[in-house]
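One structure is given below, encoded as structure tokens.
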Amino acid sequence: AGREVHYGPRGEKVTLDGLRQALLAQNFRAKPAANRIVIVNSTPDVPYEIYFEVVMAITTADGVLALIEEDEKAKK
């Protein structure tokens with residue numbers, strides 16, 4: 001699961017290249033900052049390399065990264 005990348009309102013599985021293309025197609029540069037937000041919700045088993053590639057894809061497409069972090073205390 002940690003190697004899968006999902007994108008869009010329906011969370012469709014995409015490749016990293018597919019993610020890059022989808023983000024560039026959003027034309028974030030032409031949008032106000034509030035409309036550039038890309039929410040990233042990663043699982044603890046995501047390899048750093050994949051996480052880094054996703055963050056770089058968002059940055060390269062002029063998106064604004066928003067992270068969702070689960071509260072570890074809430075799980076206990």
Side-chain angles (χ1 to χ4, degrees):
R3 294 198 166 273
E4 293 180 357
V5 176
H6 298 264
Y7 179 74
R10 292 181 279 170
E12 295 178 30
K13 186 176 174 180
V14 296
T15 63
L16 283 170
D17 283 336
L19 175 66
R20 289 181 191 104
Q21 292 173 7
L23 290 168
L24 288 172
Q26 290 292 321
N27 194 20
F28 288 125
R29 185 171 293 197
K31 298 178 180 181
N35 294 343
R36 294 180 178 192
I37 297 171
V38 179
I39 299 170
V40 174
N41 184 6
S42 62
T43 59
D45 60 336
V46 173
Y48 175 78
E49 295 80 16
I50 301 231
Y51 181 82
F52 180 79
E53 289 293 332
V54 168
V55 169
M56 289 308 299
I58 295 167
T59 302
T60 300
D62 293 312
V64 175
L65 178 65
L67 300 174
I68 294 178
E69 294 182 9
E70 292 184 27
D71 186 357
E72 290 296 323
K73 293 178 183 175
K75 292 182 178 180
K76 296 180 182 178

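- In this structure, Arg29 contributes its side chain and Asp62 its backbone to no donor-acceptor pair below 3.5 Å.
- Taking OH of Tyr7 as the reference point, atom CG of Leu16 lies at 13.5 Å (rounded to 0.5 Å).
- Side-chain contact between Ile58 and Val55: absent, with no pair of heavy atoms (C-beta onward) separated by less than 4.5 Å.
- Judged by distance alone, the side chain of Arg36 and the main-chain N or O of Lys31 form a donor-acceptor pair under 3.5 Å.
- More than 12 non-hydrogen atoms from other residues, nucleotides or ligands lie less than 6.0 angstrom from CG of Leu67.
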- Arg20 and Glu53: side chain to side chain contact (heavy atoms under 4.5 Å, CB included), yes or no, with the steps? CA-CA 9 Å; Arg20 289 181 191 104; Glu53 289 293 332; 2.5 Å; yes
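- Counting all heavy atoms, side chain and backbone alike, Leu19 lies closest to Ala57 at CD2-CB, 4.3 Å.
- Taken together through direct or relayed side-chain contacts under 4.5 Å among Ile, Leu, Val, Met, Phe, Trp and Tyr, Leu23 and Val46 form part of one hydrophobic cluster.
- In the hydrophobic clustering of this structure, Tyr51 groups with Val14; members are Ile, Leu, Val, Met, Phe, Trp, Tyr whose side-chain heavy atoms approach within less than 4.5 Å, directly or through other members.
- Nearest approach of His6 to Gly11, heavy atoms of both residues: ND1-O, 2.9 Å.
- No single ILVMFWY cluster, assembled from side-chain heavy atoms under 4.5 Å apart, contains both Val5 and Tyr48.
- A distance of 12.0 Å separates OG1 in Thr60 from CZ in Phe28, rounded to the nearest 0.5 Å.
- Nearest heavy atoms, Ala66 versus Ile37: CB-CG2, 3.7 Å.
- Side chains of Thr15 and Asp17: a donor-acceptor N/O pair is absent below 3.5 angstrom, by distance only.
- Linking ILVMFWY residues whenever their side-chain heavy atoms come closer than 4.5 Å, directly or via other members, leaves Ile50 and Phe52 in distinct clusters.
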